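What follows is a set of notes on a single structure, which appears directly below.
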Amino acid sequence: MSATSSAIQSTLVENRVFEPSAATVAAARIPGMEAYQALCAEAEQDFEGFWAKRAREHLSWHKPFTQTLDSSNAPFFKWFQDGELNASYNCLDRHIGTPVENKTAIIFEADGGEVTHVSYKELLAKVSQFANVLKSKGVQKGDRVVIYMPMTVEGVIAMQACARIGATHSVVFGGFSAKALEERINDAGAVAVVTANYQMRGGKELPLKAIVDEAITQGDCKTVRNVIVFQRTPTAVNMVEGRDSFMHEEMAAQSDVCPAEIVGAEHPLFVLYTSGSTGKPKGVQHSTGGYLLWAKMTMDWTFDLKDSDIFWCTADIGWITGHSYVAYGPLAAGATQIIFEGVPTYPNASRFWQMIEKHKCTIFYTAPTAIRSLIKACDSDEKLHPKSFDLSSLRILGSVGEPINPEAWMWYYKNIGGERCPIVDTFWQTETGGHMITPLPGATPLVPGSCTLPLPGITTAIVDEMGNDVPNGSGGILVVKKPWPSMIRTIWGDPERFKKSYFPEELKGYYLAGDGAVRSEDRGYFRITGRIDDVLNVSGHRMGTMEIESALVAKTDLVAEAAVVGRPDDLTGEAIVAFVVLKGQVPTGEDAKKLANELRNWVAKEIGPIAKPKEIRFGENLPKTRSGKIMRRLLRSLAKGEAVTQDTSTLENPHILDQLAQSN
Ligand code: WTA
């Protein structure tokens, strides 16, 4: 790749363009912009034919589908609905009898550095064994199973085993609290929970099983019949007689053959909870056929996957990225992938570079927050700096989860990619199932900070509040005009909320992503400008402001009222700032610090440490209109430390602004 202008600068208009090298184009699956445009044209001319052809090509169907898209009950779209298949069969059995069967599926590196290799054949045997364990516990097709596991091979085995028997999994990130876990177990009505005794992160042993116990007891989770425990460390945990058992003991007693349960294409493969603009997380329901198709196709297209690649997506299986690009996509594509248990800064901040060198990683996919924190840790220390490692195996880099600022992009491009590797800045969401807008490594000229163009078949657009297209250069609301196979099917147990959240009437039936965006005037490239709803993006993690507010006011002995807003943060993208009205007096000095800490820990207990506000400010009230509405735009200015320039004439209590402008 060559830089037409390589000066490091950060302006609103980004002029640097990086074209793919001729060699990259020549070797690519989608070689050059013409090939990309041809695919887009194909999808436009025969939309259903385009998807049907790929679904037949990329997936093994036990019963072929005859109808591609059923829009009769829109927005509850159905894809390939009379077709039948199994996701685990497509990820594992499909490779048996091909050269892939003895290929390494997973290179696992534990927190402490131990490395294990698992081949496709071995993985199939383990998944089958665990599927038999689930069956022996009476778990049936359509039942929900909650998975609360560390980043381990066993986590993927648990997910694949559910898919194998047609059980719908719901993975809960291991950093969520007992309270958050309990809500998800109850909302999903899970019959079983798969967990580990502990997880290892940064050399520390952190409890998981104890949190499951707390969730089930506190939350009175009546649906849970069994808890299956992966023994990650030798430390003993409490085991409830008749309910709890160890994964390895159960597996040893089972056959390693388990025929895959064939399900309809629309069968719910998983429900994954994510934050929305109300206090209650949404259970995003995904299908089997459409979801898997796109996870597989985007491995091929976005990452230009080749047989020899060593793919590494650093996301946890608790997030959608870990579903599509760890648990399903790489396996469906027959790739070798790295799974890493630990954290990027342990034993030191060169861990990622060491691992890329050691495992000869070729495709590296991570989040801007990780890059930014590593820039900070490595730039001042020669020994930790990526230039001290051999990263020549890399050929493609990826970014996901939040906007990547041009400075971080340039650092990633130069220091990790050696100015040779295209960066695919992939825009997508839990709800979209897979990538939506992203460069293609062998086609798209790159512009730092822009996710560039939609994938073929994906009809993203920018519209105004009435659903009318806005011209390039004008910002607006990001929508998707036509359905796509891996789209969210519904919100678990709440179809009305699904319709209201994603297909508001005024938007002409388009899917509302919840992000603002703008297209560049020259190339029509998309740049995401951030959420337009009450959702924050902190270190690439979605957090609902209402969720955090609910947690704060749940501390009823202390808190009368709370409002949460986001503030731009150099490291985490956005930071959480909470404005709190206490039941007692407004605290100052040490008292304020103590109370702020108490509330931060409270939020960690209610939701999880990722939801802890970075700053808490106290006031005797919140800025409100005369009708009692909290004026959040004022709070956003205050959080940023800006002078309030907005119109405050409707404000009931202007003096409150001075009080809330002070940080503790
Ligand atoms: C944001 C993560 C800019 C966006 C896959 C979206 C991004 C939300 C990008 C979804 C990107 C994700 N550039 N913003 N490349 N990727 N986002 O559901 O605000 O955890 O709506 O899915 O992250 O977060 P989620």
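Both ligands and their constituent atoms are indexed starting at 1 by order of listing. From a predicted model like this one, the values you see are computed outputs, not experimental measurements. What you see below is based on every heavy atom in this structure, not just the backbone, and it leaves out hydrogens, waters and symmetry mates.
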Non-hydrogen atoms of Gly514 versus ligand 1: any pair closer than 4.0 Å? no

Heavy atom of Trp428, distance to ligand 1 below 4.0 Å: yes

Have a look at ligand 1 and work out which part of [X], if any, has a heavy atom under 4.0 Å from it: side chain, backbone, both or neither.
X	answer
Pro403	both
Ile404	neither
Thr426	backbone

Identity and distance of the protein heavy atom lying nearest [atom]:
atom	value
atom 24 (O) of ligand 1	Arg542 CD, 3.2 Å
atom 18 (O) of ligand 1	Thr430 OG1, 2.5 Å
atom 16 (N) of ligand 1	Gly401 N, 3.2 Å
atom 6 (C) of ligand 1	Asp515 OD2, 3.2 Å

I'd like to know if the side chain of [X] pairs up with that of [Y] as donor and acceptor (distance under 3.5 Å, no hydrogens or angles considered).
X	Y	answer
Asn405	Arg372	yes
Glu431	Tyr502	yes
Tyr525	Asn472	no

4.5 Å side-chain heavy-atom contact, [X] and [Y]:
X	Y	result
Ser399	Val424	no
Tyr36	Thr444	no
Phe352	Thr366	yes
Ile211	Phe176	no

Thr490: what forms a side-chain hydrogen bond (donor to acceptor under 3.5 Å, both in side chains) with it, not counting sequence neighbours? none

Backbone or side chain, does any N or O of [X] fall under 3.5 Å from an N or O of ligand 1?
X	answer
Thr274	no
Ser399	no
Arg531	yes

Give the atoms of ligand 1, by number and element, whose distance to some non-hydrogen atom of [X] is under 4.0 Å.
X	answer
Ile528	3 (C), 14 (N)
Asn537	1 (C), 23 (O)
Thr321	5 (C)

Between Thr336 and Ile106, is a side-chain contact (heavy atoms from CB on, under 4.5 Å) present by the stated rule, with each step listed? CA-CA 6 Å; Thr336 296; Ile106 298 171; over 6 Å; no

Give the single entry among Met436, Arg527, Glu402 that approaches atom 9 (C) of ligand 1 most closely by any heavy atom. Glu402

Strictly distance-based, threshold 3.5 Å: is any side-chain N or O of Thr288 a donor or acceptor partner for the main-chain N or O of Ala87? no

